[in-house]
Each structure stands twice: as structure tokens, then as C-alpha cells.
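Reviewing the structure listed below.
Sequence lines set the chain letters: A, B, ... in the order given, protein chains first and strands last, and positions in each chain run from 1. What you see below is based on every heavy atom in this structure, not just the backbone, and it leaves out hydrogens, waters and symmetry mates.
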Amino acid sequence: MFLFNYRYRLKCIFRDRQLMFWTFLFPVLLATLFNLAFSNLSSSDNFLKVNVAVVQNEELDQNPAFTEAINGADDLFIVQYTTRETADALLKDNQIDGYILFDSELNLVVNQSGLNQTIIREFLDDFVQSSATIVTIITTNPTALDSGILAGVSSRTEYLTAVSASQSNPDPVVNYFYALIAMTCLYGGFLGVKEVVAIQADLSAVGARINLAPTNKLTVFLSSMLAATTIQLLELLILLAFLIGVLGISFGDQIGYIALTCVAGSLTGVTFGACIGSIIKKGEGLKIGILIGSTMIMSFLAGMMSADMKYLVMTKAPILGYLNPANLITNSFYALYYYNTHTQFFTDILLLCGFTLLFSTVTYLVIRRQKYASL
Amino acid sequence: MVINVKNLVKRYGDLIALDHFNLEVQEGEILGLLGPNGSGKTTAINCILSLLKYDKGTIEIYDQPMSPDAYDIKRNIGVVMQNVAVFDELTVYENIDYFCGLYVADKQTRKKLVAEAIDFVGLNDFTKFYPKKLSGGLLRRLNIACGIAHKPKLIILDEPTVAVDPQSRNNILEGILELNRQGATIIYTSHYMEEVEQIASRIAIMDKGKIIAMGTNEELKMMIKSGEHINLELLNPEHLDLTEIQALPHIISAEVTDHQLVVKSSRGKNNLIAILDHLKDQNITIGKIYSEPPTLNDVFLEITGKELRD
């Protein structure tokens, strides 16, 4: 009976086009839209080199040290050597951020102030300062040159070291996709609602027919839930493959733990729907409405619409974060991607298992009765 | 005895849906269960099937107490619900196979039973159709096939012909009679008196949660006050003295409308002869004459009253 019902439930779910749209196609479409919307978000944070022109004249030719210094700063500047007239024209057309002119002293010509202009000025100040130091050493203590003091003047030492707490570089975009997966897991609730409605005599005519048959209701229910979870997991795996393979979203390399998160999330989603389906006695439309509404609120609080919301919840009301299955699923992926330990990950997974147990118990207590007060 | 229900009481708050309901169904009979809307027919059936809780009473099926876990009893029952109960995502064949599979585990046996059920309801050309593609009549036939495919000994049909065209309805009724001929005991509820009159070997009339009359078609007709309806076409009704006819023995009422004299008589013999003699005395010329025995509809209305329900 278990396998017989399981096979037919798989067929029923697969052929329910509306259900397949919301639980599978909708997340894929949303992921594609996210990718289009966020594709420029990371690149906007990248440093763009400063365009600078250097006026070529006799003074410049007499200062090869400057030419060497600015050419050496190729990670900062895109340098072009030109005449003053051309430099003026380039500046006027905003094709360069400023130009450097050697005459009696080193001059910077700009037509506006901003970050790029400040970078050029800082570079020039540094050059002037280093040059003055070297000149002072040569005039006051030429013997010091023998001890290699010049190397010390021109070298730069970082006294602060950045130590990353994570194994990956922070990426604000991935959290949106983690929240999307969390939403997809909870959309498994649609399947849970469908399965409960299908076996409850007071919720559907087919449910009444099933209750009239000489079959154990719990067996039918468990095989129906297994069918729902199977399809939910398949949908999630395809979504993950799409995110990783097509959209290039990074989930780290801990495939086993990622799969575990998907299983725990799917179970939570399906049992959440079953719980709503069993405790709300009104029409299926109301059940679906409540499911969508609660899922969207949970996804919102988990940062699907704004990453700041997740941060806000975790700082202002952390308990809300732990009571939100969508947030727990998001956190699990986040922990796998960023943290070097699994403490946070297993805490989230355990909490998800707790929610699954809670939803399953409530559902069982409601559907276990075999006679109804009214139909 | 197939079904034995004693003193069944079911309340919905203050409303008494079943008021010490009693019912006995013998093997091989077709019991027609009639009653106005809200009389408790479906509630009684749902209680008998152990779908609904009840407050008091006992229910035995095949001399065994009925309960949700009484799988041996349930295996022998087939139910055709009032609402079509099929999965939209499964084809005609798959629906019948699924519901038959809840009773019959063996695949080969099930295959044979499903084929027979499809043949029985005449859905051979529609096995790969999804329910949404079927007409109302075909859908009702699918509903029946899902309920009887496992060859039950007791079949309960709760208004299976609602919203079905006359051709399909006739087909369904013939099918029910065939099932009965094959040995099934049948309980049939309907609003259509002529259907029940056509197929039921015994009829129970329910009202206000209890059975208020039960018997064969003829027995029920004997229970009511009104007997035959006599219709006479009068060519010169202006000479008629109606009070003399109304005063005749066994006459309940007599009315003339458009040359048509309609006389309702109670039980009694020679009512028509007495009326004809009287008309002859009054020199009334008669055209056509016909007499109708009381119908089940008359029985139903007289027993349950003519006030509107629902």
C-alpha cells in the first residue's frame, strides 16, 4: 500500500501544473531575475584606476625618478604622457581626472575635487615627501647612503594585518539567493497542504473516499508526505544546479552539508504546509493564502528583499531569527560558506529538525482521528 | 442482515440531525432512501460508514459492529458519493485503479477488476481522459466506477444521478439493477421519486432525522389518504352541479378547470362508476376519461408535507 500510494501521489503532484509552477518554476524565474538585478552590484565595488595625464616637458625629462615612480604605480593610475594643451582638452572632456605639470615645482591640475583627485594628490605628496627626505639625507649625512638608508625611505611597511574570519570573501549578493532557497524550501508547504487535503474526509471528497477504504490512514499519510518530500528535494536539487551551474552562485564546496540543509529545509517546508492544511478548517484557498503570506514574511525577515533586514533582526530581535525557519535555512548556507567551523550550521539544522518535529506532531494529532464531527 | 442500525442519535449543537434513527437492510434488496433536503439521509449514511461521530446508538454491518478500523467490513462496502470524488491529475483508468487499489492489493486481480468496471460504466473510449475533459454524465459514471470496481457486496449510492442528463441517468439506473442482479445489496438515496420507484424493492422515507414510513412501493401508496386521481373531459360543464359529486362517498375533492373535471378519491371501490352515473343523471357529455393511481411523489408529499425545505 505504501509504495502503491507513493507512486500515485508522485503522479498527482507532478501533473499539478499550478503546484509545479509555484514550487519549481517560480523560484527559478526569481533566481534569474535576482541575477539580472544583482549582476552589477559586486562590480560596482571594484576599484577603477585613476586616469591621469603627465605633461611632457624638459622639467619632466630632468626628473626620471618621478616618471619611474608614477609608472610603478600602475595598479593606481592609467597614465598618458601628452602636451599641456591636450591635457587641458582631456580634462575639459572629463577623460582624465587631472594632470601633472612639472615646472619649478610639481603641480596638479584638476577641474573638480573628488576621490580620484585626492588619490593623485596623495601620490604626489608622498613623492615630494620622499624626495625631500632623500635630498636632506644626501646633504646632511651622505655616509648614511652606504648603510642602505634609501631603501628604507622608499619602502612601505603595513603594520596592520587583515585576518579573515571566514574561508570565503564576503559577498552580499549570495544572501539573497540563500533566502530564495529558504523560500523554496518553505514553498514545499504547498505540497504538504495538498497531501493533507487529499486524505482528510472533512476537507475533500477524495479524502472521504480514502477514509472509507480498508487502509491504514497513517500509512497513506506517510507515503503521501514522502512523495511530497521527494518532489520537493528534486526541485531543490535542480534549483541548486541552476544557481551553481548557470548563474554561478557560490555555495562553497561542502556538498554533503549543502544536501543536508536541503533535506532539513524541505522537511520543514512540507510539514509546515501539512500543519497549516490540517489545523485550518476553511477552504483550500485560505490555507494557501496563509501559507504564502507566512512564507513571504519569513523570507523577508531572512533578508530576501533586503539584506539589512536580516542584520536588523539578528541585532535587535535575535530570538525572531531563531524562530524563523527561513532564517535558519539561510543561516545554514551562510555558515557553510563563510565560517570555518560547523557550530552555527549544526545549531541551525537542529532547530530546523525541531520545527519539523513540531509541525509533524501537530499534524498527526489533528489527522489521527478517524471519525469526524462534521463533513 | 446486512445493516442493522438502532436508535442512532446525531446532534450538531442544538440541531438533532438523527433522532433515534433505526434501519434494517436485508441481503439482496435495493433500499431507496428518500427524504427532503436536510432530512438526515447523508448524515445517516456517513454515520453508518463510520465517517461521522454520533452521540448514541449502535451500527452493525454483516452482524459486526461498524468502526473506522473494521477493515473486513469496509472491504465489502462500495460507496458512490454525492460529490464526484476523483483526482483531477489522474486519468480515468488511473483513478479507478487507485481507488480499487485501496481494496485490492494484487496487481493482476486489480487489472481485471478495473477493466470490468470500465466496461460496466461504458468508459472504454475514455480511459486516457482526465476528469476535466469528461462531461457531467461521464464524470458521474467514473465516480460510480471508482466506488464499485472492487466488487463490493454492499453498495451505497448517495444521489449518484444529480445533474445528469436523462440518457446517462437511465444508463446508471440500469447499471445499479445489474449490480443487484449480480448479488449486491444496495442503498440508494435520491430526490428523484421516479428513480426510486423504478429500482427500489423497498423504500424508506426520512424526515427530521428519522424514518417516518417504510415499505414497498405499493405498501407506501396504501398508507396515504388519497387514492386514485380521476380525470374526465366534460363537453358541457356548465350544467354540472359539483356539490353533488363532492358529496359522493370516498371523494376527497372535485374541481373543474377548462372542461376538465379532476376528482381525487380515497380508497374505495367503484368510485369512477359512481361519478359516471352522476354525470349521466345531470346530462353531462363526457369526452376522454383516465384514472391515475397515486404516485410515490404523492406519497412523499403527503407524508413529509408540502412546505418548502431549505
Between Cys146(B) and chain A, which part of the residue has a heavy atom less than 4.5 Å away: side chain, backbone, both or neither? both
Tell me, out of Leu212(A), Ile210(A), Val220(A), who's got the most heavy-atom pairs with chain B below 4.5 Å. Leu212(A)
So, for Phe4(A) and Asp97(B), which heavy atoms are closest and what is the spacing to 0.1 Å? CZ-O, 3.6 Å
Quick check: do Pro68(B) and Asn211(A) have side-chain heavy atoms less than 4.5 Å from each other? no
Spatial distance of atom CG (Leu102(B)) from atom CG (Asn5(A)) [nearest 0.5 Å]: 7.5 Å
All heavy atoms of Ala213(A) vs all of Tyr103(B), minimum pair found to be CA-OH, 3.6 Å
Any residue of residues 54-66 of chain B which, by heavy atoms, sits under 4.5 Å from chain A: Tyr54(B)
Okay, Asn143(B) and chain A: the region with an atom under 4.5 Å from a heavy atom over there is both
Part of Arg110(B) within contact of chain A (heavy atom distance under 4.5 Å): side chain
Give a yes or no on this: more than 12 heavy atoms of other residues, nucleotides or ligands lie within 6.0 Å of atom CZ of Phe300(A). no
Under 3.5 Å: donor-acceptor pair, side chain of Arg209(A), backbone of Val84(B): no
Any chance you could measure Tyr71(B), atom OH, to Thr215(A), atom OG1, to the nearest 0.5 Å? 6.5 Å
Please work out which of the three classes, parallel, tilted or perpendicular, describes the rings of Tyr98(B) and Tyr8(A), given edges at 30° and 60°. perpendicular
Where is the tightest heavy-atom contact between Ala205(A) and Met81(B), given as atom of each residue plus distance? O-CE, 4.3 Å
Atom pairs and distances, donor-acceptor, side-chain atoms in residues 187-197 of chain A, under 3.5 Å, two or more places apart:
| from | atom 1 | to | atom 2 | distance (Å) |
| --- | --- | --- | --- | --- |
| Lys194(A) | NZ | Asp16(A) | OD2 | 2.8 |
| Lys194(A) | NZ | Glu89(B) | OE2 | 2.7 |
| Glu195(A) | OE1 | Arg9(A) | NE | 2.7 |
| Glu195(A) | OE1 | Arg9(A) | NH2 | 3.4 |
| Glu195(A) | OE2 | Arg9(A) | NH2 | 3.1 |

For Gln18(A), look at atom CD and say whether over 12 heavy atoms of other residues, nucleotides or ligands are found less than 6.0 Å away. no
Which atoms of Lys107(B) come close to chain A, meaning under 4.5 Å heavy atom to heavy atom: side chain ones, backbone ones, both, or neither? neither
Ranking Ala105(B), Ala85(B), Gly147(B), Gly101(B) by heavy-atom pairs under 4.5 Å to chain A gives rank one to Ala85(B)
Can you measure from CG (Asn83(B)) to OG (Ser204(A)) and round to the nearest 0.5 angstrom? 10.5 Å
Residue by residue, which of residues 228-236 of chain A have a heavy atom closer than 4.5 Å to a heavy atom belonging to chain B? none
Can you list the residues of residues 255-272 of chain A that sit under 4.5 Å from chain B, counting heavy atoms only? none
With salt bridge (Lys or Arg N to Asp or Glu O under 4.0 Å) as the criterion, how do Arg15(A) and Glu94(B) come out once you've worked through the C-alpha distance, each side chain's angles and the decisive distance to 0.1 Å? CA-CA 13 Å; Arg15(A) 290 176 186 172; Glu94(B) 289 167 339; 2.5 Å; yes
Chain A contact via Asp72(B) - side chain, backbone, both or neither, heavy atoms under 4.5 Å: neither
Could you tell me which portion of Ile13(A) (side chain, backbone, both or neither) has an atom closer than 4.5 angstrom to a non-hydrogen atom of chain B? neither
